[in-house]
Amino acid sequence: MENPGLYIHIPFCRRKCAYCAFYSVASFDAGKTASYLQALLAEARWFASHRFHDAKPKIRTVYIGGGTPSILPVSFYSALFEGLESCFDFSGCIEWSFEANPEHLGQAYLSELWKNTPIRRLSIGLQSFRDEDLHVLKRWHTGREAVEAIGMARNAGFKNLSVDLMYGLWQEEGLRHWKENLMKLAELDVPHFSAYALTLEPGTLLWKRVKQGMAHMAPDEEIEEEFKELQAFAKRNGYEHYEISNLARPGFEAVHNSNYWREIPYIGLGASAHSFIGNERSWNVARLEEYVRDPASSKERESLSEEDRYHEYVMTALRTSRGVEKSRLAAFQESFREEFLERAAAEMKKGNMAETEDSYVVRENRRLLTDAIAETFF
Ligand code: SF4
């Protein structure tokens, strides 16, 4: 088995953003975070003893996500990493990533993070540099704070930076606003970014407002234009569009994220976190109190059949520029391979996909349709 990635979920946020359906809670205090820390360590010990037979698994990558990890003091993470040392072997860890929101990133916080933890990659949740967008999305920070956060992160030593941006926010003029955001990104020379189209998730504030007719989603044509602009921007500015929502300058691809589409095992600690080890997928309850009460046994599990693994591989690999690799396909049963080749031939005939020497990929001009193309395989 390849060395696993380690994901740690921090489920605390200041308040819910208008579009967000991730699991997080907005009310917490020092007592709750202290018991959450203990629960994370208890779950880590459980993984080490029950799934790795006390053999201290070597960890390939670490990713602290949320929620809002930067809402907690650096001392939380120093204590967390110190505790995790007794369960896992980090000596070969090649990436330590941390999600942060601009409103928490003061110079002192960033310098402390750099000095007192092994974190060397920051993923900053900006969504936009435009105050009007940030207001609609109900984010806490301003465009100016977003720019300042990038500068302060660099001053503290972080060169491996990523930001999240969102498109498809407006019914009209969206393309002009999106171009402004991309220009700002180019000016700041950030080596990696994620770009997501705004989607409507049931139960969110945005969803309620759209249902009441008080807000409107951007039409498909607008989203298409903005996605094309993203592709053109990437070419002009030296970014590889290596996954449908992720773009990087050479050498800055996110290693941890690629674990998910390369079937590399991962351990997920924390409320709502998912794990994938061997052929088993498990996930923790998305309720803080329940998780803290019994972090090891609040899990649900399922064994993945070869068919499930084949589906998952094709779904995720089609989203990447590398595509579905012939060598990986060869590891699946003959019947899955045949089925794949038959469907891929149909998609190539429609002009949606192409065959390269090593793989099958979604054509660049059809990438926005990736999810719909992937569905035709199942
Ligand atoms: S800060 Fe992130 S996780 Fe928290 S509500 Fe906003 S988008 Fe969701």
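Cluster membership check: Ile223 does not share its hydrophobic cluster with Leu206, using side-chain heavy-atom separations under 4.5 Å among Ile, Leu, Val, Met, Phe, Trp and Tyr. Hydrophobic clustering (ILVMFWY, side-chain heavy atoms < 4.5 Å, transitive): Phe90 and Tyr7 are in distinct clusters. Each of Phe76 and Tyr63 belongs to its own hydrophobic cluster when Ile, Leu, Val, Met, Phe, Trp and Tyr are linked at side-chain heavy-atom distances under 4.5 angstrom.
For Glu289 and Lys32, the salt-bridge test passes: some basic side-chain N is under 4.0 Å from an acidic carboxylate O. A salt bridge is defined here as a Lys NZ or Arg NE, NH1 or NH2 lying under 4.0 Å from an Asp or Glu carboxylate O, and Lys326 with Glu355 meets this definition. For the pair Glu347 and Arg366, the salt-bridge criterion is not met [side-chain N within less than 4.0 Å of a carboxylate O].
When ring centroids are compared, Tyr260 and His274 stay outside the 6.0 Å threshold. Side-chain rings of Tyr36 and Phe28 stay apart, their centers remaining 6.0 Å or farther from each other. Between Phe233 and Trp178, the distance separating the two ring centers is not shorter than 6.0 angstrom. The aromatic ring centroids of Phe98 and Tyr77 lie less than 6.0 Å from each other. Residues Phe377 and Phe340 bring their aromatic ring centres within 6.0 Å.
Closest approach of Asn3 to Ile264, counting heavy atoms only: O-CG2, 3.5 Å. For the residue pair Arg120 and Leu113, the shortest heavy atom distance occurs at NH1-O, 4.5 Å.
Atom CZ of Phe52 has more than 12 heavy atoms from other residues, nucleotides or ligands within 6.0 Å.
Results of the salt bridge (charged side-chain N to carboxylate O under 4.0 Å, His left out) test with Arg281 over Glu300, Glu312, Glu263 single out Glu312 as the only residue that passes.
Cation-pi geometry between Arg301 and Trp283 is not met at under 6.0 angstrom from the ring centre and within 45 degrees of the axis.
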*Evaluate the side-chain contact (heavy atoms from CB on, under 4.5 Å) criterion for residues Leu6 and Leu269: first the C-alpha distance (whole Å), next the side-chain angles of each, then the deciding distance (0.1 Å), finally the verdict.*
CA-CA 8 Å; Leu6 176 65; Leu269 304 181; 3.9 Å; yes

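For the pair Phe193/Asp164, no side-chain contact is recorded, criterion being any heavy-atom separation below 4.5 Å from C-beta on.
A distance of 10.5 Å separates NE2 of His192 from CD of Glu240, quoted to the nearest 0.5 Å.
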